[in-house]
Amino acid sequence: MATNFASLKKTSGNDLDTLTNQLEKLNPQREARRGDDRFWQPTVDKAGNGYAVVRFLPASANEEVPFVRVFSHGFQGPGGWYIESSLSTIGRKDPVGELNQTLWNTGGDEGKEQARKQKRKLQFVSNIYVVKDPGNPENEGKVFLYKYGKKIWDKIEAQMNPEFEDETKVNPFDLWQGADFKLKIRKVAGYRNYDSSEFAKVESLLGGDDEALEALYNKLNSLSELVASDQFKEYDVLKKRLNQVLGLSAPSSRPAAQEDSGDEDIEEQLRSARPAFKKEVAAYSEPELPSTATPEPASSDDDDALSWFQSLADE
């Protein structure tokens, strides 16, 4: 059901149950586009540390919830790199998911290990307001899309579903009764770590100035279009690319998946275009093997794929 700014303020603090219901739907199941300036990314120093303050924003007028979840695959085979959005995002069969299911069920220990390496990565996208961005202060006071992984999502969920009785439920996406998010990035054992990130105290954004908040609200980006069917390659195209990467079929001079998208070859990016590759890999975050609802094996492994791909780009 669509909403507007007036009704949003009227129901402030009352829509936490709706979001909680959405979480319950997601939990059992448990790509920034290259050159897309709608997306914001935190910056880190040479040591791999970074800091920023953002505010997660509510759903736009034509959307139900203030986030979408997307799945992707990123792995290397003898035929190159496979970096693609997963059709499981939109509830369709995906060739990697089907292959991983077969490997998990019939491939023995070696097959399970390959399935783990090829598992899909979970990430979320929300609108944010950048409160503080020391690395790029020109971003402050602007609305962006932000792509983040499960570790940050867990912190959001903990605000909405606190663990202890003496903790108050907070809707981090609320303009008036939400809270700023202090993003703290550290490099631990070669990987980006977000464990120190935390929410600040509950307070109105922009001092609760309705005129300023409505202007901000009207700048929200569409989330639903990010998971529209036309944003995903067809099954046969992905299957052909997968076969080429894994050496399961004779590769053509240029795979159809790349012909359709116009993307540069991933390995060529690795060899000669590190900056472009860094932008590409920044779309990836903590991986999560899909649940039994999608044909891939489950796993408790919680590596940070963003850091892994970043380390490749930095080599």
Review point. Going by the salt bridge (Lys or Arg N to Asp or Glu O under 4.0 Å) test, which pairs reach into residues 203-212, not counting sequence neighbours?
Key: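 Sorted pair list: Lys9-Asp210.
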Do [X] side-chain atoms and [Y] backbone N/O form a donor-acceptor pair below 3.5 Å?
X	Y	result
Arg55	Leu175	yes
Ser85	Ser72	no
Asn105	Gln101	yes
Glu214	Phe5	no
Arg241	Trp81	yes
Lys112	Trp104	yes
His73	Gln118	yes
Ser126	Pro66	yes

Roughly how far, to the nearest 0.5 Å, is [atom2] of [Y] from [atom1] of [X]?
X	Y	atom1	atom2	result
Gln114	Asp109	CD	CG	13.0 Å
Gln177	Thr168	CD	OG1	11.0 Å
Asp195	Ile185	CG	CD1	12.0 Å
Lys132	Tyr51	NZ	OH	5.5 Å
Arg38	Asn221	CZ	CG	6.0 Å
Tyr129	Leu220	OH	CG	13.0 Å

Which heavy atom of [X] sits nearest a heavy atom of [Y], and at what distance?
X	Y	value
Phe173	Met160	CE1-CE, 4.3 Å
Glu63	Ser222	OE2-OG, 3.2 Å
Leu87	Phe232	CD2-CB, 3.7 Å
Val65	Leu223	O-CD1, 4.1 Å
Arg92	Ser229	NH1-CB, 4.4 Å
Gly135	Thr43	CA-OG1, 3.2 Å

Exercise for review: Using a cut-off of 6.0 Å, state whether more than 12 heavy atoms not belonging to Glu167 lie near its atom CD.
Suggested key: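 Atom CD in Glu167 is packed in, count exceeds 12.
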**Study point:** Enclosure of Glu110 CD (heavy-atom neighbours >12, cutoff 6.0 Å)
**Key:**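 No, not enclosed.
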Is the shortest heavy-atom distance from the side chain of [X] to the side chain of [Y] under 4.5 Å?
X	Y	answer
Tyr146	Leu183	yes
Arg186	Asn193	yes
Val96	Phe75	yes
Leu226	Gln231	no
Tyr82	Leu246	no
Leu57	Leu205	yes

Check your understanding: Salt bridge between Asp154 and Lys150, side-chain N to carboxylate O under 4.0 Å?
Key ->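 Salt bridge between Asp154 and Lys150, a charged N being under 4.0 Å from a carboxylate O: yes.
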**Study point:** ILVMFWY cluster, Tyr194 and Val188 together (side-chain gap under 4.5 Å)
**Key:** no
Check your understanding: Phe67 vs Phe124 aromatic rings, parallel, tilted or perpendicular, using cut-offs 30° and 60°?
Key -> perpendicular
**Study point:** Contacts of type side-chain hydrogen bond (donor to acceptor under 3.5 Å, both in side chains), residue Lys155, not counting sequence neighbours
**Key:**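 Listed in chain order: nothing, the list is empty.
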Check your understanding: Of Lys240, Lys239, Lys233, which is the lone residue that meets salt bridge (charged side-chain N to carboxylate O under 4.0 Å, His left out) with Glu84?
Key ->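 Only one of Lys240, Lys239, Lys233 forms a salt bridge (charged side-chain N to carboxylate O under 4.0 Å, His left out) with Glu84, namely Lys233.
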Practice item. Could you go through the side chain to side chain contact (heavy atoms under 4.5 Å, CB included) check for Asn136 and Val130 one step at a time? Key: CA-CA 10 Å; Asn136 292 286; Val130 178; over 6 Å; no
Review point. How would you list, by chain and number, every residue that makes a ring-ring contact (aromatic ring centres under 6.0 Å, His included) with Phe199, sequence neighbours excluded?
Key: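 Result, ring-ring contact (aromatic ring centres under 6.0 Å, His included) vs Phe199: Phe181.
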**Study point:** Arg192 vs Val44, side chain to side chain contact (heavy atoms under 4.5 Å, CB included): CA-CA, chis, key distance, verdict
**Key:** CA-CA 10 Å; Arg192 287 189 181 183; Val44 296; 3.4 Å; yes
Practice item. Kindly indicate, with the supporting measurements, whether the criterion side chain to side chain contact (heavy atoms under 4.5 Å, CB included) is fulfilled by Phe56 and Gln159. Key: CA-CA 12 Å; Phe56 290 98; Gln159 291 286 298; over 6 Å; no
**Study point:** Derivation of the side chain to side chain contact (heavy atoms under 4.5 Å, CB included) call for Trp40 and Val54
**Key:** CA-CA 10 Å; Trp40 174 84; Val54 302; 3.9 Å; yes
